[in-house]
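See below for the structure under consideration.
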Number of protein chains: 2
Amino acid sequence: MSSPNLNTRTRILDATWKLLESGDLQVRMSDIAKAAGVSRQAVYLHFPTRAELLVATTHHIDAAHDVDGLLAASRASKSGRDRLNLFIEAWGNYIPSIYGVGRALMAMQDHDEEARKAWAGRMQAVRHGCEAAVRALENDKDLRPDLSSEEATDLLWMLLSVRNWEHLTRQSGWSQQAYVENMKDLAGKALLVSTE
Amino acid sequence: MSSPNLNTRTRILDATWKLLESGDLQVRMSDIAKAAGVSRQAVYLHFPTRAELLVATTHHIDAAHDVDGLLAASRASKSGRDRLNLFIEAWGNYIPSIYGVGRALMAMQDHDEEARKAWAGRMQAVRHGCEAAVRALENDKDLRPDLSSEEATDLLWMLLSVRNWEHLTRQSGWSQQAYVENMKDLAGKALLVSTE
DNA sequence: CTGTCAAGTTTACACCGTGTCAAGTGACAC
DNA sequence: GTGTCACTTGACACGGTGTAAACTTGACAG
């Protein structure tokens with residue numbers, strides 16, 4: 001971004017990404033420095049705090065995955081039902097990519113305001129996606145009539161939380177595919193009108 | 001339990017309970033000591049580590065609430081559907097009581113094996129409750145036929161996770177009652193045969 | 001060739017929270 | 001009065017984050 005060597009910066013980000021993705025819990029600043037082949041202080045030269053490093057890593061990962069492209073199919077869909085299913089597929093399949101850093105960020109929410117805000121902001125973006133899908137269902141009259149659009153959005157948002165992905169795939173051992181299929185099914189049952 | 005004054009022990013447990021329940025995050029050993037009107041070292045005299053103190057606090061809370069009594073109605077129910085609803089009510093209404101300490105325990109899962117195991121054990125007990133409800137549905141032929149009993153249990157377990165309660169009531173601002181009602185509804189839609 | 005500047009390294013240290021240790025105090029039992 | 005038990009006081013080690021300052025190295029300008 002600013003003054004120091006850009007190559008070093010991305011090496012730090014890649015190292016952070018890789019370490020967190022590999023499931024190592026307890027990733028310390030010194031671990032990251034070692035993995036990046038750089039001194040611990042060099043990390044602080046680029047990222048003033050651990051929280052900012054993690055946040056920067058989420059952006060780094062986003063950039064590597066073309067997030068907008070992943071959501072394009074959902075946005076382009078004709079029916080609300082399609083939009084819902086494609087959104088679940090897109091987001092559900094993106095979760096594994098950000099889970100590592102997300103977990104680290106979530107772990108520090110309680111004692112680091114910046115981490116809390118950053119993660120909350122990202123989750124708010126997911127909520128907007130849920131909201132859009134719900135609105136599309138509403139337009140098609142496919143949303144359960146006994147549900148306000150806010151309730152429906154909250155419900156979908158909860159179902160698609162990273163914690164639920166973690167729960168099913170890590171605790172219960174579900175495959176990624178099983179997770180996505182069941183979430184589509186569950187979201188359908190939760191949100192769609194039953195008649196038809 | 002052992003040698004030191006029992007009264008002090010329960011004062012520490014009560015203080016821990018109260019502090020965690022009050023939503024204060026970052027509850028340190030010194031905070032607890034202060035709240036209990038005791039020196040920090042006295043806390044260590046009764047509980048060797050923070051993790052053990054928190055675990056003891058969960059048991060303390062359980063003891064104060066007659067957990068078995070809360071589940072009696074569910075266990076006594078005649079139909080599987082009743083059992084499911086009563087279980088959701090019982091557990092769902094118990095969550096607020098253990099949320100404080102649960103949150104603290106969950107926060108240290110990554111770096112404390114003992115905390116991880118203790119919390120996992122408690123959640124496993126919840127899973128057993130889910131399993132029993134699913135089996136009751138199965139006996140009544142009320143379980144969706146395209147779901148194995150394990151899948152159904154995992155799904156219900158996920159729905160009833162403390163994280164989902166936290167998500168809906170804290171992030172989305174739902175009332176306790178709205179949470180319970182929607183969970184009953186959602187679990188029904190997720191697990192029950194649609195015909196009828 | 002030399003001076004300077006920027007990026008990184010090395011070493012040291014402050015701070016915080018957990019957990020340990022050892023000596024001291026005060027009440028109560030016998 | 002002498003133990004002994006529950007607790008206090010004060011000191012300290014450890015691990016992880018973040019800060020500070022002095023030193024090295026390489027590139028580039030004049």
Side-chain angles (χ1 to χ4, degrees), chain A residues 1-16 19-20 24-57 101 103-119, chain B residues 1-16 19-20 24-57 101 103-119:
Chain A
M1 206 71 95
S2 44
S3 15
N5 189 328
L6 215 146
N7 203 6
T8 299
R9 183 187 156 91
T10 64
R11 260 172 45 219
I12 293 171
L13 289 170
D14 285 337
T16 308
L19 280 179
L20 289 169
D24 289 16
L25 33 168
Q26 283 303 87
V27 174
R28 293 163 288 241
M29 293 301 264
S30 53
D31 298 324
I32 291 166
K34 196 183 301 175
V38 107
S39 72
R40 193 171 69 92
Q41 278 53 33
V43 178
Y44 283 104
L45 235 48
H46 290 268
F47 308 95
T49 68
R50 196 176 115 95
E52 289 191 44
L53 169 55
L54 294 181
V55 172
T57 304
V101 58
R103 176 186 185 165
L105 232 21
M106 288 187 288
M108 54 193 303
Q109 279 194 332
D110 282 350
H111 56 272
D112 191 305
E113 183 61 14
E114 192 193 355
R116 215 209 86 254
K117 275 172 129 169
W119 187 249
Chain B
M1 207 72 94
S2 44
S3 16
N5 190 326
L6 216 146
N7 202 5
T8 300
R9 183 188 156 90
T10 64
R11 262 174 40 221
I12 294 170
L13 289 171
D14 285 337
T16 309
L19 280 179
L20 289 170
D24 289 17
L25 35 166
Q26 284 305 86
V27 174
R28 293 163 289 242
M29 293 301 262
S30 53
D31 298 324
I32 291 166
K34 197 183 302 174
V38 108
S39 71
R40 192 171 69 91
Q41 277 55 31
V43 178
Y44 283 103
L45 235 48
H46 291 267
F47 308 95
T49 66
R50 196 175 114 96
E52 290 191 44
L53 170 55
L54 295 181
V55 173
T57 304
V101 58
R103 176 186 184 165
L105 231 21
M106 288 188 288
M108 53 193 305
Q109 279 194 332
D110 283 350
H111 56 273
D112 191 303
E113 182 61 14
E114 193 192 354
R116 215 209 86 254
K117 274 172 127 169
W119 188 248

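These values consider heavy atoms only, across backbone and side chains, with no hydrogens, waters or symmetry-generated copies. So that the names make sense, note that chain A is the first sequence line, chain B the second, and so on, each numbered from 1.
Distance CD/Gln109(B) to CZ/Arg103(A): 9.0 Å, rounded to 0.5 Å.
For dG8(C), one of the phosphate oxygens OP1 or OP2 lies less than 4.0 angstrom from a side-chain nitrogen or oxygen of Thr8(A). A close approach under 4.0 Å does occur between a side-chain nitrogen or oxygen of His46(A) and OP1 or OP2 of dG8(C).
At a cut-off of 3.5 angstrom, counting only N and O atoms as typed in the model, there is no donor on one side facing an acceptor on the other between the side-chain of Arg40(A) and the base of dG8(C). Residue side chain Gln41(A) reaches the base of dT19(D) through a donor-acceptor N/O pair under 3.5 Å, judged by distance alone.
Nearest-nucleotide mapping onto DNA chain C: of Arg50(B) and Val38(A), the residue sitting toward the 5' end is Val38(A).
Checking side-chain atoms of Arg11(B) against main-chain N and O of Ala36(B) turns up a donor-acceptor pair under 3.5 Å. In this structure, Asp31(A) contributes its side chain and Arg28(A) its backbone to a donor-acceptor pair below 3.5 Å.
Rounded to whole Å, atom C1' of dA20(D) lies 12 Å from atom CG of Leu45(A). Following rounding to the nearest Å, Gln26(B) (CD) and dC16(C) (C1') show an atom-to-atom distance of 10 Å. When the C1' atom of dT17(D) is taken as reference, atom CD of Glu52(A) falls 14 Å away, rounded to whole Å. A straight line from CZ of Phe47(A) to C1' of dT17(D) spans 16 Å, rounded to a whole angstrom. Spacing between atom NZ of Lys34(B) and atom P of dT8(D) amounts to 15 Å, rounded to whole angstrom units. Atom CG in Asp112(A) sits about 12 Å away from atom P in dT17(D), given to the nearest Å. In this structure, Arg11(A) atom CZ and dG8(C) atom P are separated by 8 Å, rounded to whole Å. Going from atom CG of Leu54(A) over to atom P of dT17(D) covers 10 Å, rounded to whole Å.
Closest approach to the Tyr44(B) side chain among dT8(D), dT18(C), dT17(D) is made by dT18(C) (side chain taken as heavy atoms from C-beta onward). Among the nucleotides dG17(C), dG19(C), dG18(D), the one closest to the side chain of Arg28(B) is dG17(C).
For the pair Glu113(A) and Arg116(A), the salt-bridge criterion is met [side-chain N within less than 4.0 Å of a carboxylate O]. A salt bridge is absent between Arg50(A) and Asp112(A); no separation between the charged side-chain nitrogens and carboxylate oxygens falls under 4.0 Å.
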- [ ] Report the C-alpha separation of Leu53(A) and Leu13(A) in whole Å, then their side-chain angles, then the decisive distance to 0.1 Å, and conclude whether the side-chain contact (heavy atoms from CB on, under 4.5 Å) test is met.
- [x] CA-CA 8 Å; Leu53(A) 169 55; Leu13(A) 289 170; 4.0 Å; yes
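Secondary-structure stems of DNA chain D, taken as three or more successive Watson-Crick or G-U wobble pairs (i with j, i+1 with j-1) under a 3.5 Å distance threshold, comprise C:1-30 with D:1-30.
Partner Leu54(A) forms a side chain to side chain contact (heavy atoms under 4.5 Å, CB included) with one of Thr16(A), Thr49(A), Val27(A) and no other, that one being Thr16(A).
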